[in-house]
Structures are given as structure tokens and as C-alpha cells.
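One is the number of the first residue; the rest follow in order along the sequence.
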Amino acid sequence: MMLPLALMVLGGLTAALAPRVLSRAGWPDREPVLALWVWQCVVAAVLLCCALAMALSGSAAWEFVRGHVFAPAPHGVVEAYAFGAYGPWAGTLAVVLACGGAWSGVMLTREVRSARAERRRRRAELLVRSPRLPGEVPSEDRLVVLEGDRPDAWWLPGAAPQLVITTAALRRLGDRQLDAVLAHEQGHAQARHDWLLHCSAALARGFPRVPVFASFRDEMHRLVELAADDVASRRFGRLTIALALVELNEERGVFGPCPAPLAEVPRRVDRLLNPRRRLSPARRLRLTAAAALVPVVPVLLAFVPGLSALR
């Protein structure tokens, strides 16, 4: 029973310590794409710890599970795990973790279905507010202009993604600012940020008492915007996208006291106007490699007895 418990302890430590380390680090705002990768590796490691602990405890509790998990393994490898010494708690732990995995799948399915329903609703609303002309053929990259008094622009993902922009935004934005906004929204679409948001939201809603998943969701929402800002700024300059953000959000009162989600807009503008130096390529490479090793650790830990038996 020691190996599943060790995996659970490792998962708990990763879930507890990684968000604190990342929140105190100074580089995530400078390297949002790298920070997105690190967060995904951390959450993957936590989930792997749970999945591996479930597989090992289930193998100890039930012979048919062991037969599936260790089907291609030599007999000596199975004996190295000493499943007979796991005790009666193995089955309980396996069932609890299996229920957690099933609940994660249910929440992800619910999140995806809810997002699809919301997209269908918004597309139907677009057709009402911006109907196609007779004989007009739908385009894959169709730009939809809506009449509206509030300047706004957003990307509507899906099989046929659409970029929606209001007439108020067209009036307020200059040509380069408009191009920067389009580049920002296309950055979201090309990186498939919607899937990151769906997965993080599903975990946070499914396990609201697990702080690492709530932090994962909040950081995904923040970092994907910073990453898209960087995509636009590389093409059109930081000042251009900063001015576009001001024009689009000035009337919403976000540059004064406002709710937490809207409070990120002034921080994004400040980040664009006062850029900090990026990490060196060598350090970015080291951090990328180190993050990739985080989910490898629980796999190696789970394989240690088996690998030792093969020596």
C-alpha cells in the first residue's frame, strides 16, 4: 500500500506547492505561453498521481484489474509490487479515485456541451442581428459586423469560427488598432485557448474544494489574454494593442474600482506600456524541460518496482 500512498502524497504536495511557487515567481507575466505550459504540466502530474494510484490499488484489490494492467508484464514484475501486502484499504481507495475520475469526465462533458449550446445560441443571435444576404455563401473566416453602441470584439470558436465586432468598435479604433484586435482574437483561435478554458473550468467546478484546480482556472483565463496580447503586439506593437484595449474598455469603467475579472484590463495595459525584459532563450528552454519532467516523476515512481525486477 506504500506506493499508492506515496503517489497520493506526491500529488498532494504538487497541488499545494506548485501554485504558491508560480504565484511568487516573477516570470509568468513576461512569458505567458511558458506559464501556460507549466500549469498544464503541474495539473497533468496531479491527475497522473491519482490515476496511477487508482491503477495500483485496483490491481491489488481485484485480480481482473491486475490482469488488465499487468497483462504484458513478466510474472516477476507483478511479484515486485507485492500486492498481497496492500491490505483492505486498496479497494476503497481505488473506488474513490475511480469515482473522482468519472466525475471529472462528467464535468468535462457538461462543460463542452454547455459551451456548444452557448455557441449555438450566440450564432443564432448573430443570424438575427446580422442576417446573410440572399445567395450569400457562409465563409470559414467570416467577419461579422454588428450594430452596437458599445465597442466590443470577440472570437466565436467552433467548426466555422467567426470574428464579431461592433460598429462602435469600428468607429473608435484606428486601422492598426483594429488589425491588432483581430490579431489578438486570432491568437486565441490558433492556440485553441477555448479548450484550455473548458478543461480548467471543468476541473474547478467538479472539485471546488481543491485549490489547485481553482488556481488553474483563474490563471488560464489571465494567461491566455496575456499570450494573445503578445501575439498582437509582435505584429503591430505594444502601444497599438494597449490603445485598442483602452478604446474598447474605457466606457466600462474598468480603469477605476471594478470587479476582479475586469480589473485585469488595466494590468494588461500597464504590462504592454511598461514591458519587462523576456527571459533568455536558455532559461526558457530550461524551464520548459523542467516542467515537462514534472508529470514524468509520478510515472517513474510507479514504475520503480517493476524496473527493479527487470534488472
The criterion is ring-ring contact (aromatic ring centres under 6.0 Å, His included); which residues satisfy it with His188, sequence neighbours excluded?
His184, His193

Would a single hydrophobic cluster contain both Trp103 and Val95, if residues Ile, Leu, Val, Met, Phe, Trp and Tyr are joined by side-chain heavy-atom contacts under 4.5 Å?
no

State, with a plain yes or no, whether a side-chain heavy atom of Arg205 is found less than 4.5 Å away from one of Glu111.
yes

Salt-bridge criterion met for Asp270 and Arg268 (N-O under 4.0 Å):
no

Are the side chains of Thr166 and Arg150 in contact, using a 4.5 Å heavy-atom criterion?
no

What closest approach, in Å, do Ala168 and Pro151 show between heavy atoms, and which atom pair accounts for it?
CB-N, 3.5 Å

In terms of side-chain geometry, is the basic nitrogen of Asp230 or Arg271 positioned less than 4.0 Å from the acidic oxygen of its partner?
yes

Joint hydrophobic cluster, Leu52 plus Val46, side-chain heavy atoms closer than 4.5 Å
no

What I'd like to find out is whether the side chain of Trp27 reaches to under 4.5 Å of the side chain of Leu34, using heavy atoms alone.
yes

State, yes or no, whether a side-chain contact exists between Arg30 and Arg276 at a heavy-atom distance under 4.5 Å.
yes

Looking at side-chain heavy atoms only, is the closest gap between Trp39 and Ser215 below 4.5 Å?
yes

With rounding to the nearest 0.5 angstrom, report the CG to CG distance, Leu178 to Leu170.
6.0 Å

Might you point out which heavy atoms bring Leu223 and Ala35 nearest each other, and give the distance in Å?
CD1-CB, 3.7 Å

Just how far is it from atom CG of Leu243 to atom CG of Leu173, taken to the nearest 0.5 Å?
10.0 Å

State, to 0.1 Å, how close Ala180 and Phe236 come at their nearest heavy-atom pair, and which atoms those are.
CA-CD1, 3.7 Å

Can you get from Val38 to Val33 by hopping between Ile, Leu, Val, Met, Phe, Trp and Tyr side chains that sit under 4.5 Å apart?
no

Side chains of Cys49 and Met8: closer than 4.5 Å at any heavy-atom pair?
no

Apply side-chain contact (heavy atoms from CB on, under 4.5 Å) to the pair Leu248 and Arg172, showing each step before the final yes or no.
CA-CA 8 Å; Leu248 289 175; Arg172 297 199 64 165; over 6 Å; no

Indicate yes or no: at least one non-hydrogen side-chain atom of Arg113 is less than 4.5 angstrom from one of Arg116.
no

Tell me if a side-chain donor or acceptor on Glu118 pairs with a main-chain N or O of Ala115 at a distance below 3.5 Å.
no

Answer with yes or no whether the hydrophobic clustering places Leu197 together with Val164; edges join I, L, V, M, F, W, Y residues whose side-chain heavy atoms lie under 4.5 Å apart.
no

Evaluate the side-chain contact (heavy atoms from CB on, under 4.5 Å) criterion for residues Leu146 and Ile165: first the C-alpha distance (whole Å), next the side-chain angles of each, then the deciding distance (0.1 Å), finally the verdict.
CA-CA 6 Å; Leu146 294 180; Ile165 191 166; over 6 Å; no

Between Leu97 and Met54, what is the shortest heavy-atom contact and its length?
CD1-N, 3.5 Å

Note: Leu22 and Pro28 closest approach over all heavy atoms is O-CG, 3.8 Å

Let me check something: do Leu285 and Leu279 share a hydrophobic cluster, defined by ILVMFWY side-chain heavy atoms less than 4.5 Å apart, either directly or through other members?
no

Under 4.0 Å between a Lys/Arg side-chain N and an Asp/Glu carboxylate O for Asp29 and Arg222?
yes

Compare every heavy atom of Gln186 with every heavy atom of Trp155, then report the nearest pair and how far apart it is.
CZ3-CG, 3.8 Å

Calculate, to the nearest 0.5 Å, the distance between atoms CG and CE belonging to Asp218 and Met220 respectively.
10.0 Å

Can you tell me how far CE of Met2 sits from CG of Leu7, rounded to the nearest 0.5 angstrom?
11.0 Å

Show your reasoning for whether side-chain contact (heavy atoms from CB on, under 4.5 Å) applies to Phe207 and Ser104.
CA-CA 8 Å; Phe207 303 95; Ser104 299; 3.1 Å; yes

Walk me through it: do Leu239 and Leu272 pass the test side-chain contact (heavy atoms from CB on, under 4.5 Å)?
CA-CA 7 Å; Leu239 180 60; Leu272 290 164; over 6 Å; no

Approximate separation, where rounding is to 0.5 Å, of Leu36 CG and Glu31 CD
11.5 Å

Side-chain contact, heavy-atom cut-off 4.5 Å: Trp89 with Leu5?
no

Hey, could you give me the CZ/OG1 distance between Arg235 and Thr240, rounded to the nearest 0.5 Å?
12.0 Å

Going by chain and number, the hydrophobic cluster around Trp195 (ILVMFWY, side chain to side chain under 4.5 Å) further includes Leu108, Val112

